[in-house]
Each structure stands twice: as structure tokens, then as C-alpha cells.
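This one's a predicted model, so the numbers in the text were calculated from it and none came from an experiment. Note that the numbering runs from 1 along the sequence shown for the chain. In what follows, every heavy atom counts, from backbone to side chain, and hydrogens, waters and symmetry copies are set aside.
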Amino acid sequence: MVGQGMGAEPEAVPVVGQGAGAEPEAVASPGATWRTSSAATPAGGVRVGFVAPEAAGEVAELVAAGAGSLWVGGHVASVNPSPEPLVWLARLIEQTAGVAVGTATLALPLYPPGLLAKQLADLDRASGGRITVGVGVGGEYPADFAACEVPLAERGARADEMIPLLRRFWTAAPVTHDGPHHRFRDVRIHPAPARTGGPPLVVTGRRAPAIRRAARLGDGWMPYLYSPERYARAARDIHDEARKVGRDLAGFGWYAYVFTSVADTTGEARKHMLDFLGGTFRQDAEAILDRVAAAGTPDEVAARLRAFAAAGAEHLILCPCGPDPHATALRLLEDVVPAV
């Protein structure tokens, strides 16, 4: 997804059957343990987190101002300069204490599963069990896959294989696996993560393959560039898909990643958002702004975020947009979040 320094993530998940990069059907993992973070199941209303700034001082300001969680993303070889997500997450863990942190998003197929299982287990232990891992398939930057020597067309199938495999590694028991892309015999990844079963794996994405993957394999779902109306429709699709495979979604985490701009006037906020979307996604953003973002006065943005909550989102991740994203985040915390 997109944040300051994160790079663009336009639609990276094609509909099944469209072209070489099409994804196969996600297959539910028999016996999988489904988890979610406490941040994803609020006791008294929607939780609000933010894309993390890179500066440690700004991170501390957001935490002190009441940010409910902080999130990082990135790429390996994107057009826009970008940190690598796990390196940034490790830094964020050391910059914070007590606040939930996570990835939004980590391109799962780029990583060897054993190495990724070890890295995430160690990070979960270092954080005291505070991390949530938003996972996607990537694909918007083919150079990411070239750099990691992973075939772009296999990204969906690799993600489907890796999600249950990570959970098996996180038991700290020896794992034997003979899959289409990965093979192991008696490989043990230990010590285990801080939490039994490991950190939640929240599926990100926008289209049908991501929805199916979330319903069958994920501990939650995190779309981006959605309207509240589309969120509600997709949530129904996830429930329908889960019923097809006999899955109970109790404890499932409902997230929404929302590009957000707030200003004294609607026009000023919209201009900031148009500049951001146009520069990031390199397309005319006028036609999509009202559907995929929250831009306006504090009252207007709060109403838009409440609409996401009414559609079923329990945890909003805000990407502040404007000439000073940190100042925007602080204003959102002061003038908008209390009204959500």
C-alpha cells in the first residue's frame, strides 16, 4: 500500500483467469488456527491507526497523541524510493512500546518462507507480541520480483502456500512439507513467536482473489482504495466464501486502509488528496477521489470514517496525505478521531 516513502500499490491482484499473473483459488488450510490481534476486535468502537512516519521523534508524537497502531510498508525495487518493510518494522518496534505495530503491506511471495517465519517470530518476540502482519501478493512493480528471483506469475499460488506454512513453522516443531513451490524435511524454526500460533496474518488487496484468500486463509482482511459501500459488499462476499468452506469467522479482523486529507476547507483538502493520488498512482485522480479516499473538513472526514465503521470496519488505518503528512496525522488525532 502507500505511505510516505512506501511506494505505490495500484491494483496488484488480477481477477482469476486474466493473463499470466492470474491467481488460483485459495485453499483453506485444514486444522489452521485462526487468530486476530486485540487491536482488530475493539471493545467499544472503531480503532484508528496510522501509517508510521520514518522519524523517531514523529513516531513518539503520534503515540503520545493517541495513535492506536502504527503501520509500515515498502518494496525491494520499486519506482519510488522505499524502505524494505521488515527492516522498517524492526526499527518501529524499537521506537515504540505498548502500541500495536504492523505491515500494510508485506508482499509475501518475495520472501523464502523459512526465513520469513524466523524473522517474524523474532520480531514478535522483540515486540512482546504487538505485531500484525498485513500480507499481499504484490505485482505492481515487476522489478520487486526480478530482484528477489521469484516468478511474477506464481505470486498468488505462492502466497496461498505460504500462509498455512508460516503457521506450521510458528509451532516451533519440525516441519515436513512437499508443495508446488516449497519443500522442507524436518525443518524447525524456533524459538516460537511470543503468541501461541504466531502473529495474525491479515490479507490485503481489493479484488476477488484477495477476498477469497482472506475468507479461506486470513486472520483478517485489509482492503485499500475502497468506498464504504464497496467495503460492505466485499464483507458480505467474505462471509459467503467462508460459509462455503465451513469456516467460522469469529475473531476475524476487519481492517480498512484509507487515504485521508483534512483541512479548513473542503477544496483545500481535496487538492492535497488529488496531488497525492495523481503523483502516486500516475493517473487522473479526480474521477476516483470521492470513492477511494476521505478528504474534507474535520466533520466531513469524520463522517466518511464513520461510514467505514458502519460498513463493518473495526480498525481504520489512515494514510495522511498533504504537504505535511505528520501535521495532518496530528490534526486527524485531535479534530477527527474523537468523532469517529
Side-chain angles (χ1 to χ4, degrees), residues 1-10 12-13 23 26 35-37 39-40 49-52 54 69-78 80 82-93 100-124 126-127 130-141 143-145 147-148 150 152 154-167 169-170 181-182 189 193 198-206 209-210 213-214 217-224 253 255 257 315 317 319:
M1 293 177 190
V2 183
Q4 188 177 12
M6 286 171 128
E9 185 173 339
V13 186
E23 296 183 41
R35 302 164 314 285
T36 186
S37 67
F50 289 83
V51 171
E54 292 194 54
S69 58
L70 294 172
W71 300 79
V72 302
H75 294 274
V76 175
S78 62
N80 299 320
S82 166
E84 190 280 325
L86 292 179
V87 172
W88 192 359
L89 181 61
R91 187 168 72 242
L92 185 61
I93 287 169
V101 296
T103 60
T105 187
L106 182 75
L108 197 57
L110 297 180
Y111 297 83
L115 177 61
L116 183 59
K118 177 61 174 172
Q119 290 172 316
L120 289 172
D122 287 352
L123 289 171
D124 195 54
S127 72
R130 290 188 285 128
I131 70 171
T132 295
V133 188
V135 295
V137 300
E140 66 278 13
Y141 296 127
D144 277 342
F145 289 79
C148 297
V150 173
L152 179 66
E154 295 177 0
R155 66 192 189 279
R158 285 174 176 265
D160 291 343
E161 185 177 354
M162 284 181 67
I163 290 173
L165 188 53
L166 289 173
R167 295 190 180 110
F169 277 131
W170 287 335
H181 304 290
H182 305 290
I189 305 294
L201 296 172
V202 176
V203 173
T204 69
R206 303 178 59 218
R213 183 173 296 114
L217 298 173
D219 295 315
W221 175 60
M222 184 195 303
Y224 65 105
Y255 296 73
Y257 186 106
H315 193 136
I317 301 169
C319 178

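- Evaluation of the side chain to side chain contact (heavy atoms under 4.5 Å, CB included) rule for P85 yields L106, Y111 as partners, not counting sequence neighbours.
- Between P200 and I131, the closest heavy-atom pair is CD-O, 3.5 Å.
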Please walk me through it: do T103 and W88 pass side chain to side chain contact (heavy atoms under 4.5 Å, CB included)?
CA-CA 9 Å; T103 60; W88 192 359; over 6 Å; no

With side chain to side chain contact (heavy atoms under 4.5 Å, CB included) as the test, would you mind laying out the steps for F50 and L70 before giving the verdict?
CA-CA 5 Å; F50 289 83; L70 294 172; 4.2 Å; yes

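- Taking CD from Q119 and CD1 from I189, the interatomic distance works out to 10.5 Å, rounded to the nearest 0.5 Å.
- Nearest heavy atom pair, residue A210 against residue G205, reads CB-CA, 3.7 Å.
- The OG atom of S82 sits 8.5 Å away from the OH atom of Y141 when rounded to the nearest 0.5 Å.
- In this structure, CG on L217 lies 5.5 Å from CG on D160, to the nearest 0.5 angstrom.
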Could you walk me through whether T132 and W71 satisfy the side chain to side chain contact (heavy atoms under 4.5 Å, CB included) test, starting with their C-alpha distance in whole Å, then the side-chain angles of each, then the deciding distance to 0.1 Å, before giving a yes or no? CA-CA 9 Å; T132 295; W71 300 79; 3.9 Å; yes

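- Residue pairs meeting the salt bridge (Lys or Arg N to Asp or Glu O under 4.0 Å) criterion with at least one member in residues 101-120, sequence neighbours excluded, are K118-D122.
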Problem set entry | Verdict with reasoning, L116 to L86, per side chain to side chain contact (heavy atoms under 4.5 Å, CB included) | CA-CA 9 Å; L116 183 59; L86 292 179; 3.5 Å; yes

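- Under the side-chain hydrogen bond (donor to acceptor under 3.5 Å, both in side chains) criterion, E161 pairs with H177, sequence neighbours left out.
- In this structure, V137 and F145 approach most closely via the heavy-atom pair O-CZ, 3.3 Å.
- Looking at heavy atoms from C-beta onward, Y224 lies out of side-chain contact with T105 at the 4.5 angstrom threshold.
- Residues V72 and R91 are not in side-chain contact: their nearest non-hydrogen atoms beyond the backbone lie 4.5 Å or more apart.
- Counting all heavy atoms, side chain and backbone alike, P109 lies closest to R155 at CG-O, 3.2 Å.
- Residues F169 and L120 form no side-chain contact, since every pair of their non-hydrogen atoms from C-beta on lies 4.5 Å or further apart.
- Under the side chain to side chain contact (heavy atoms under 4.5 Å, CB included) criterion, V76 pairs with L110, D144, A147, C148, not counting sequence neighbours.
- Counting only heavy atoms from C-beta outward, the side chains of M222 and H315 never approach each other to under 4.5 Å.
- Residue S78 holds its OG atom at 8.5 Å from CD of E140, rounded to the nearest 0.5 Å.
- V135 places none of its side-chain heavy atoms less than 4.5 Å from the side chain of M162.
- Residue D124 comes nearest to R130 through the heavy atom pair OD1-N, 4.0 Å, listed as atom of the first residue, atom of the second, then distance.
- Counting heavy atoms from C-beta outward, R158 and L108 have side chains that stay 4.5 Å or more apart.
- Residues T204 and Y257 form no side-chain contact, since every pair of their non-hydrogen atoms from C-beta on lies 4.5 Å or further apart.
- The two residues G220 and A214 make their nearest non-hydrogen contact at O-CB, 4.0 Å.
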